[in-house]
Protein chains: 2
Amino acid sequence: MATGRTHRPATRSRGIPEATVARLPLYLRALTGLSERSVPTVSSEELAAAAGVNSAKLRKDFSYLGSYGTRGVGYDVEYLVYQISRELGLTQDWPVVIVGIGNLGAALANYGGFASRGFRVAALIDADPAMAGKPVAGMPVQHTDDLEKIIDDNGVSIGVIATPAGAAQQVCDRLVAAGVTSILNFAPTVLSVPDGVDVRKVDLSIELQILAFHEQRKAGEESAAEAAAAQLPPAARAAGEQADRKGPDGDVPAVMPA
Amino acid sequence: MATGRTHRPATRSRGIPEATVARLPLYLRALTGLSERSVPTVSSEELAAAAGVNSAKLRKDFSYLGSYGTRGVGYDVEYLVYQISRELGLTQDWPVVIVGIGNLGAALANYGGFASRGFRVAALIDADPAMAGKPVAGMPVQHTDDLEKIIDDNGVSIGVIATPAGAAQQVCDRLVAAGVTSILNFAPTVLSVPDGVDVRKVDLSIELQILAFHEQRKAGEESAAEAAAAQLPPAARAAGEQADRKGPDGDVPAVMPA
DNA sequence: GTATGTGAACTATTTCACAGCA
DNA sequence: TGCTGTGAAATAGTTCACATAC
């Protein structure tokens with residue numbers, strides 16, 4: 001548990017909201033596109049459209065970084081690219097390791113979006129001895145035994161976990177012990193880490209489940225009565241066993257085999 | 001804005017907060033683990049720990065679904081699994097198509113987390129004729145030409161886009177035209193869709209960039225003076241052209257090759 | 001006694017709308 | 001005139017703390 005870390009008032013204007021930070025990469029991507037097309041300046045309206053947000057939000061976000069625009073004109077594309085890159089820490093090179101070179105790990109290793117944004121894949125690590133030495137994305141897979149040495153030799157502070165869920169915590173512990181302080185976790189499990197270590201998670205099936213929720217609701221709007229019927233009457237809950245209750249569609253739960 | 005939705009307003013329980021919806025899959029995953037270990041009941045405290053949230057939030061979240069716990073006891077695991085599954089729409093089967101069978105698409109096709117949560121990969125689709133017929137995850141890849149027919153034949157309403165960025169909007173348009181109303185987008189681009197179509201995006205490099213931001217801040221805490229210096233003095237901004245200003249580190253932007 | 005369920009307080013985020021500046 | 005930058009208002013989300021029910 002993170003103790004009483006309520007919020008950080010900090011001394012200086014160190015407070016870029018988390019929601020804003022999460023959008024900076026979006027702006028950066030949009031700006032990079034404009035830059036490649038040699039567009040010199042862009043208005044908040046145009047950039048917002050390219051990034052998929054509204055312009056008020058974008059302007060507010062930028063206001064946390066400073067006043068980088070020109071009233072009546074807009075923003076200088078190159079200048080903004082640089083400012084946002086700097087704010088995100090992308091003007092320096094971040095060596096990362098990817099642990100777990102299965103389908104997903106290999107896909108990540110091959111993913112161009114990392115290298116193009118200041119991230120350098122320093123090593124690919126897998127626990128399977130059969131993988132050791134095999135080239136993936138033009139780079140030999142290394143064995144987990146050498147994890148600590150690899151982290152240390154390369155000064156890695158960011159680790160990507162793409163192992164099965166069962167191995168993730170153990171890998172995480174070793175990464176942290178070796179000095180990694182930021183982890184991107186693709187394994188469908190909750191990682192516990194000491195204070196000062198950041199974890200972000202990407203769970204592919206969670207995103208689909210959120211879509212399913214909304215999809216269901218869309219369908220339910222056509223026949224709202226059915227959805228209402230699906231709500232079990234409160235009285236029923238008080239009765240006997242609940243687990244084997246029939247579903248509203250006339251079928252058993254039947255979810256989650258593994 | 002859900003006006004005064006205090007409790008279940010009979011007709012439509014319209015109004016589970018988005019933030020709550022996004023956590024339901026987390027609870028479901030934790031509960032599934034408990035269910036497999038045959039744990040009969042769980043307290044909000046225990047379940048919250050397993051899901052990586054705090055218990056007050058969990059109880060509040062559940063309160064939007066209904067009163068599914070027992071005071072002084074906790075929650076019946078199987079019952080909750082069922083209720084959350086139903087709420088998420090996972091008691092029905094969702095056929096999905098994956099478009100773009102590169103490294104990532106193949107990884108997604110092989111990802112067990114989909115199948116185990118009520119999602120069925122109905123088809124793998126790729127634009128490369130050389131891929132057509134090749135088996136991936138035990139299933140032959142089909143050509144984009146047949147996209148509309150595949151969607152229609154399988155009643156697909158959820159599509160996963162794992163194509164390069166350049167192809168994503170076109171694929172998206174065809175999916176939507178064919179009847180897909182929910183899209184999970186892995187391509188690093190903003191998709192525009194008509195009203196009524198949901199898009200969720202997963203951008204692998206964005207997550208890393210957010211980590212880099214925090215990582216940089218950690219490093220900066222050790223030498224806060226440097227970070228402060230990096231912020232251009234406000235006076236300087238008022239001066240002439242900005243684009244060609246030297247970076248604070250004494251160098252030009254030089255980010256984003258591609 | 002114990003743990004849920006929930007108003008109320010608090011914090012974060014988004015949106016509005018317009019003053020201020022190029 | 002046109003577009004940024006930003007207080008203020010509105011909305012969303014989180015946490016508190018305790019009445020309530022088992």
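Atom set for the values below is all heavy atoms of this structure, side chains included, hydrogens, waters and symmetry mates excluded. Letters A, B, ... are given to chains in the order of the sequence lines, protein chains preceding strands, and every chain is numbered from 1.
- Toward the 5' end of DNA chain D, the nearer of the two residues Val73(A) and Lys60(A), judged by each one's closest nucleotide, is Val73(A).
- Between dG13(D), dT15(C), dG5(C), one nucleotide has an atom nearer to the side chain of Glu18(B) than all others, and that is dG13(D).
- Counting any heavy atom pair closer than 4.0 Å across all strands shown, Phe62(B) reaches no nucleic acid atom.
- Side-chain N/O atoms of Ser43(A) include none lying less than 4.0 angstrom from OP1 or OP2 on dC3(D).
- In this structure, Lys57(B) does not reach the dG13(D) phosphate: none of its side-chain N or O atoms is under 4.0 Å from OP1 or OP2.
- The Ala56(A) side chain lies nearest to dC16(C) when the options are dT14(C), dC16(C), dC22(D).
- Within the 6.0 Å centre-distance limit, the rings of Tyr111(A) and Phe114(A) are counted as a close aromatic pair.
- OP1 or OP2 of dG5(C) lies within a sub-4.0 Å distance of a side-chain N or O belonging to Tyr75(B).
- Contact check, Asn54(B) against dT14(D): no side-chain N or O comes under 4.0 Å of OP1 or OP2.
- The separation between Arg23(A) atom CZ and dA12(C) atom P is 15 Å, rounded to whole Å.
- Residues Gln92(B) and Trp94(B) form a side-chain contact, since some pair of their non-hydrogen atoms from C-beta on lies under 4.5 Å apart.
- Contact of Arg71(B) with dT20(D) (side chain to base): a donor-acceptor pair of N or O atoms is detected under 3.5 Å.
- Between Tyr79(B) and Tyr68(B), the ring center distance clears the sub-6.0 Å criterion.
- Nearest to the side-chain atoms of Pro17(A) among the listed nucleotides dT13(C), dA8(C), dC18(D) stands dT13(C).
- Distances from the side chain of Arg59(B) to the nucleotides dG5(D), dG5(C), dA3(C) place dG5(C) closest.
- Defined by atom type and a distance below 3.5 Å, a donor-acceptor pair is present between the side-chain atoms of Ser35(A) and Glu78(A).
- Candidate nucleotides dT6(D), dT15(D), dT14(C) were compared by shortest atom distance to the side chain of Ala19(A), and dT14(C) ranks first.
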